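Keep in mind that this is a model prediction, so the values were computed, not measured.
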Amino acid sequence: MRKVSVEERRARVGWRHHLAGEARGEDVVEVARHLIGLHSTDPATVFLAAGARMVEPKVAAIEQALYDDRRLVRMLAMRRTMWVVPTDTLPVVEAAATKAVAERERKRLIKAIDEIGVASGDDGGSAAWLEAVEAATLGALEARGGAAFGTELSADVPGLRTSYVYAEGKTYGGPQNLTTRILNVMSMWGRIVRGRPRGQWNSSQYRWAPVEAWLPAGMPVLDRAAAQTTLTEAWLRGFGPASINDLKWWTGWTLGEVRKALANLNVVEVDLNGAPGLLLADDTEPVATPDPWIALLPALDPTAMGWTERAWYLGDHREPLFDRSGNIGPTVWCDGRIVGGWAQRKTTGEVVFRLFEDIGAELTAAVEREATRLTEWIGDVRVTPRFRTPIDRELTA
């Protein structure tokens, strides 16, 4: 059985994830493609993750790919989290991952509408009421020229303003309207997408647009099992070798779905330091070790969140880097492993870091240079991770 050492896995990360100096990319779309997508729960992650991997990281180039050329698109996908993926892979991700989430969320939304009691049984009940509101929303979006904020759409469509009580009895609960829930479900079903936000690149106040603005023929309907096979192959190409547990966690699928997708591929089992792992059969050749490299990756970076079994690159540094929900904050990487954390000070905008281990004077100096470069790159924007971690709080105190 082929043995893949920890060192080789780290070398693969340097090459496949465009983190080693020689591996940095020219095109943000291709960078995103090799990672399947860029995490976008925290909107700044998209730009910081792409910037860490590009030869010439420019905010304008990333925004152009997202909003002008529309070669990238933001969508809810794996594990019900937000991603930015290449537009030409959107249908695969939609069928493989988003559709199942959409079905669950639509059922929950219809149940909530039932409880509110705004739909009449004579008119087809809550499902029909929701369909009518969705149709009216698409009409309002067209009337506004194909781009509108949720507040604008809710002003045009009374159904979006339907009120309900969120988390009744909880301190964080209270009255809300259905605007966000309905728009989110419409996006999951491939009817609308999130477009250019208000403000700077770290903003999450997105305009909504019809999916045809990115896919002129609309969202094609693909077979779910076939799409899951395609997505699995792409993931193994970028993140292999990995365990079945890694793949199950990353996709959010059932174990049965994972095994079915793997059965349609030519994969081989490998030895990951005594544990079983998988590689595509045409991807078993050893890879060379890249030159030493340093990277400062953002919160929820796709590499840091790429596997559920993380000891081979995380070591014993979990406690300061993760919040209570399992979200990782900004990390310092050295040659394929996490060696520290970083943060941006709100007052000065300076990127500061703390190393958890001694990596030597030369590499420490490289971290300092990268922190300085990132400070200049971020400029006057302030990046505060949505999920605060112990090291983030420590560095910004």
Side-chain angles (χ1 to χ4, degrees), residues 4-24 35 39 42 44-45 48-54 57 238-239 241-242 246 272-273 287-323 326-345 350-378 383 385 387-397:
V4 182
S5 67
V6 168
E7 290 73 22
E8 184 177 346
R9 295 186 77 180
R10 293 171 178 170
R12 282 175 173 261
V13 167
W15 292 114
R16 304 288 172 92
H17 290 206
H18 297 281
L19 292 170
E22 314 98 292
R24 291 194 175 183
L35 293 162
H39 274 278
D42 193 332
T45 294
L48 295 172
R53 295 169 165 87
M54 297 178 67
F239 291 81
D246 288 325
L272 302 179
N273 198 29
V287 300
T289 300
D291 292 338
W293 57 270
I294 293 293
L296 270 59
L297 301 186
L300 297 175
D301 184 85
T303 299
M305 295 292 287
W307 302 265
T308 189
E309 297 171 359
R310 301 170 176 144
W312 59 277
Y313 65 90
L314 179 60
D316 60 358
H317 305 319
R318 179 181 178 84
E319 185 174 348
L321 291 169
F322 285 78
D323 72 0
N327 300 298
I328 195 168
T331 49
V332 179
W333 288 67
C334 175
D335 296 339
R337 71 188 193 281
I338 294 174
V339 297
W342 66 271
Q344 183 197 34
R345 288 183 174 151
E350 180 187 9
V351 170
V352 292
F353 64 90
R354 182 162 73 84
L355 298 179
F356 305 142
E357 57 186 81
D358 184 2
I359 59 174
E362 187 173 342
L363 288 170
T364 298
V367 176
E368 292 171 350
R369 290 193 296 273
E370 186 64 13
T372 299
R373 185 201 66 82
L374 188 54
T375 297
E376 296 171 352
W377 191 83
I378 294 175
V383 177
F387 309 102
R388 304 296 300 278
T389 62
I391 187 64
D392 175 67
R393 295 181 188 278
E394 173 192 319
L395 292 172
T396 56

Requested in this report: For Val4 and Arg9, work out which heavy atoms get closest and say how close.
Outcome: CG1-CG, 3.8 Å

Report summary line: Value for CD1 (Ile328) from CG (Asp323), rounded to nearest 0.5 Å, stands at 10.0 Å

Query raised in the report: Under 4.5 Å between any side-chain heavy atoms of Ile391 and Arg354, yes or no?
Result: yes

Query - Chi angles and distances behind the side chain to side chain contact (heavy atoms under 4.5 Å, CB included) call for Leu297, Arg53 - result: CA-CA 9 Å; Leu297 301 186; Arg53 295 169 165 87; 4.0 Å; yes

Report summary line: NE2 of His317 to CD of Glu357, rounded to nearest 0.5 Å, is 4.0 Å

Query raised in the report: With no hydrogens and no angle check, is any side-chain donor or acceptor of Asp246 less than 3.5 Å from a backbone partner on Gly306?
Result: no

Query raised in the report: Rounded to the nearest 0.5 Å, how far apart are OG1 of Thr331 and OH of Tyr313?
Result: 9.0 Å

Query raised in the report: Once the angle between the rings of Trp312 and Trp307 is folded into 0 to 90°, is it parallel (under 30°), tilted (30 to 60°) or perpendicular (over 60°)?
Result: perpendicular

Report task. Check whether any side-chain heavy atom of Arg318 sits under 4.5 Å from a side-chain heavy atom of Ile338, and report yes or no. Result -> no

Query - Leu48 CG to Gln344 CD distance, which is reported to the nearest 0.5 Å - result: 9.0 Å

Query raised in the report: What's the spacing between Phe239 CZ and His17 NE2 if we round to 0.5 Å?
Result: 4.0 Å

Query - Any residue meeting side chain to side chain contact (heavy atoms under 4.5 Å, CB included) with His39, in chain and number order, not counting sequence neighbours - result: Thr45, Arg79, Thr81, Trp83, Leu300, Pro302, Met305

Report summary line: Output for pair (Leu363 CG, Arg369 CZ), nearest 0.5 Å, gives 9.0 Å

Report task. Measure across Pro298 and Trp342 and return the closest heavy-atom pair with its distance rounded to 0.1 Å. Result -> CA-CZ2, 4.1 Å

Query raised in the report: Closest heavy-atom contact between Ala52 and Leu19?
Result: O-CD2, 4.4 Å

**Report entry** Test side chain to side chain contact (heavy atoms under 4.5 Å, CB included) applied to Val367 and Val339, step by step
**Finding:** CA-CA 10 Å; Val367 176; Val339 297; 5.6 Å; no

Report summary line: Between Asp301 and Ala49, the two heavy atoms sitting closest are OD1-CB, 3.3 Å

Report summary line: Shortest non-hydrogen pair, Pro390 vs Phe322, comes out as CD-O, 3.5 Å

Query - pair Leu321-Leu314: side-chain heavy atoms closer than 4.5 Å - result: yes

Query raised in the report: Does a side-chain heavy-atom distance below 4.5 Å link Asp335 with Trp293?
Result: yes

Requested in this report: Examine distances only and state if a side-chain atom of Thr375 and a backbone atom of Val351 form a donor-acceptor pair shorter than 3.5 Å.
Outcome: yes

Query - Main-chain N/O of Gly51 paired with Trp377 side-chain donor or acceptor, under 3.5 Å - result: no

Query - For the student: nearest non-hydrogen atoms of Glu370 and Leu296, plus distance - result: CG-CD1, 3.7 Å

